[in-house]
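Have a look at the structure below, then the notes.
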Amino acid sequence: MNSSWKERLVEQVDPQWSAEIDAFEAQIALRKQGKIEEKVFAETRLRRGAYGQRYDNAHRHDGIQTQDLHYPQSPLTKGPETAWDAPGMQRIKVPFGGMNPQQMDVLAECAEEYSDDICHITTRQDFQLHFVHIEDTPSMMRRLAAVGITTREACGNAVRNVTACPLSGVCRTESFDVTPYAKALAFYMLGHEDQQGFGRKFKIAFSGCRDEACALVSMHDLGGVAVTCMENGVLKRGFELYVGGGLGAVPHQAALLDAFVPEEELLPLSRAVMRVFAKLGEKKNRNKARLKFVVAKLGIEEFRKVVAEERRTMPEDSRWREHFDRIADYKPEQPSLPATHLNGNPLPEGYSEWSQTN
């Protein structure tokens with residue numbers, strides 16, 4: 001039950017995350033009492049990654065005709081034409097696809113206890129669990145939060161899951177491992193006030209290589225490609241930063257915003273781009289509300305000027321530094337490998353070279 005998981009995990013969940021889940025649980029209770037309009041509640045649950053499904057209206061087409069689905073009889077809805085007891089889908093954000101064994105265990109437990117035993121992995125490195133009842137979501141969110149996983153803004157007009165090349169950290173051609181940068185930006189912007197006024201979603205990706213397409217940077221609203229340069233004899237890390245990419249009915253290839261953004265400037269400059277999007281992006285027509293339309297309308301030269309001015313004048317926010325400073329501490333766990341034998345047998349030729357990047 002929600003109350004028992006709340007008591008059990010109270011010391012393990014970040015206080016801010018805990019308060020957000022408590023608020024969502026209270027909103028569920030208010031909706032059951034008819035004190036929140038269905039459209040408002042639908043937006044609320046979507047912000048928490050709790051989706052509806054095609055059969056939420058208690059009907060499903062079987063290929064020949066529409067069949068009625070017999071959910072418990074209740075007039076309550078969780079959105080327009082969305083039955084309260086219709087099982088939904090829960091999206092779970094996993095920045096850059098990085099997980100540890102404890103997180104994997106909890107995901108598996110949630111899939112078994114609240115879903116149909118299946119974890120669906122999306123193209124954007126999220127997890128999705130289907131057939132989840134809305135009243136089970138607070139417990140699931142608390143269990144995930146206790147191991148550092150959030151569902152916040154897995155949907156809605158916000159920064160979606162920040163993705164990265166799945167080979168980051170072991171790719172032979174990368175400039176450097178981008179995963180700690182993806183993590184820093186993901187958690188810096190999570191729930192940030194500057195991304196609450198978007199007219200549409202905002203997608204971010206990072207790649208360690210300029211000439212490889214693993215992270216699909218060119219089709220994202222904001223994309224960073226790891227690059228380095230020598231400055232006074234010191235090797236400096238930075239990013240080629242791209243903006244305005246996207247697919248859909250009107251595909252756009254991202255345009256180069258800056259050929260070298262120093263690593264320490266990545267988070268504040270990304271925030272400036274998002275502030276420009278919040279100010280200039282379309283709010284009424286969803287079909288025209290992605291960043292690609294802002295870049296296309298202004299042109300990349302004018303867009304650069306607007307972003308530079310926003311970066312210069314935007315209010316100071318020291319929180320980015322907390323996330324950036326953790327990047328230097330990032331060290332991926334190294335497996336313990338036998339020096340001369342593998343499963344009791346001599347190492348095959350080339351194994352030592354292979355193990356360095358695997």
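Only this structure's heavy atoms are used, side chains among them; waters, hydrogens and symmetry mates stay out. Index from 1, following the sequence.
Note on Glu282 versus Lys297: no salt bridge recorded, every NZ/NE/NH1/NH2 to OD/OE distance being 4.0 Å or above. Electrostatic pairing of Arg319 and Glu322 does not count as a salt bridge here, judged by no charged N lying under 4.0 Å from a carboxylate O.
Distance alone, capped at 3.5 Å, places no donor-acceptor pair between the Lys183 side chain and the Pro95 backbone. With Arg142 contributing its side chain and Leu9 its backbone, the two residues share no donor-acceptor pair below 3.5 Å. Judged by distance alone, with hydrogens and angles left aside, the side-chain atoms of Lys288 form no donor-acceptor pair with the main-chain N or O of Arg286 at under 3.5 Å. In this structure, Asn232 contributes its side chain and Val234 its backbone to no donor-acceptor pair below 3.5 Å. Side chain of Arg60 to main chain of Gln67: no donor-acceptor pair is present (N/O by atom type, distance under 3.5 Å, no hydrogens or angles). Side-chain atoms of Lys292 come within 3.5 Å of backbone atoms of Val250 as a donor-acceptor pair (strictly under, hydrogens ignored). Of the possible donor and acceptor atoms, none in the side chain of Arg237 sits under 3.5 Å from a partner among the backbone N and O of Glu263. Listed for the Glu174 side chain is no donor-acceptor partner under 3.5 Å among the backbone atoms of Ala226.
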Checklist entry - Should Phe277 and Phe303 be marked as a ring-ring contact (aromatic ring centres under 6.0 Å, His included) after you check the CA-CA gap, both sets of side-chain angles, and the distance that decides it? => result CA-CA 10 Å; Phe277 177 50; Phe303 187 82; 9.5 Å; no
Next on the checklist: I'd like to know whether His220 forms a side-chain hydrogen bond (donor to acceptor under 3.5 Å, both in side chains) with Arg160, so could you lay out the CA-CA distance, the side-chain angles of the two residues, the decisive distance to 0.1 Å, and finally the verdict.
Outcome noted: CA-CA 11 Å; His220 284 74; Arg160 299 293 186 86; over 6 Å; no
Item to check | CA sep, side-chain torsions, deciding dist, call: Arg172, Glu353, salt bridge (Lys or Arg N to Asp or Glu O under 4.0 Å) | outcome: CA-CA 12 Å; Arg172 293 179 182 273; Glu353 290 79 7; over 6 Å; no
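Heavy-atom neighbours of Gln12 CD from other residues, nucleotides or ligands within 6.0 Å: above the threshold of 12. In Gln33, the CD atom is crowded: over 12 heavy atoms of neighbouring residues, nucleotides or ligands sit closer than 6.0 Å. A 6.0 Å sphere centred on NZ of Lys283 holds more than 12 heavy atoms belonging to other residues, nucleotides or ligands. Other residues, nucleotides and ligands contribute at most 12 non-hydrogen atoms within 6.0 Å of the CE atom of Met104. Within a 6.0 Å radius of CD in Glu193, more than 12 heavy atoms belonging to other residues, nucleotides or ligands are found. Heavy-atom contacts from other residues, nucleotides or ligands closer than 6.0 Å to CZ of Arg321 number more than 12.
For Gln128 and Arg91, the side-chain atoms include at least one donor-acceptor pair closer than 3.5 Å. In summary, the side chains of Tyr242 and Glu240 do present a donor paired with an acceptor at a separation below 3.5 Å, with no hydrogens or angles considered. Between Arg47 and Gln196, the side chains place a donor N or O and an acceptor N or O closer than 3.5 Å (distance only, hydrogens not considered).
Contact annotation: the side chain of Ile28 approaches that of Trp84 to within less than 4.5 Å [non-hydrogen atoms, C-beta and beyond].
One finds the OG1 atom of Thr151 at 9.5 Å from the CD atom of Glu20 (value rounded to the nearest 0.5 Å). Within the model, atoms CZ of Arg48 and OG1 of Thr150 stand 5.5 Å from one another, a figure rounded to the nearest 0.5 Å. Separating the CG atom in Asn157 from the CD atom in Glu43 is a distance of 6.0 Å, to the nearest 0.5 Å. To the nearest 0.5 Å, the span separating OG1 on Thr77 from CD on Glu81 amounts to 10.0 Å. How far OG1 of Thr137 is from CD of Glu25: 8.5 Å, rounded to the nearest 0.5 Å. The CG atom of Leu247 sits 4.5 Å away from the CE atom of Met219 when rounded to the nearest 0.5 Å.
The cluster map of Ile, Leu, Val, Met, Phe, Trp and Tyr, joined by side-chain heavy atoms under 4.5 Å apart, puts Val225 and Tyr181 in different clusters. In the hydrophobic cluster analysis, where Ile, Leu, Val, Met, Phe, Trp and Tyr join through side-chain heavy atoms closer than 4.5 angstrom, Phe260 is grouped apart from Phe324. When hydrophobic clusters are built by joining Ile, Leu, Val, Met, Phe, Trp and Tyr residues whose side-chain heavy atoms come closer than 4.5 Å, directly or via intermediates, Phe202 is not grouped with Phe293. Hydrophobic clustering (ILVMFWY, side-chain heavy atoms < 4.5 Å, transitive): Val261 and Val276 are in one cluster. Both Ile134 and Met141 are members of a single hydrophobic cluster when ILVMFWY side chains are connected at heavy-atom separations under 4.5 Å.
Of the candidates Asn161, Leu107, Leu144, Leu107 is the only one forming a side-chain contact (heavy atoms from CB on, under 4.5 Å) with Phe127. Each of Arg290, Lys201, Lys203 was scored for a salt bridge (charged side-chain N to carboxylate O under 4.0 Å, His left out) with Asp221, with one residue passing: Arg290.
When all heavy atoms of Arg31 and Leu76 are compared, the pair lying nearest together is O-CD1, 3.4 Å.
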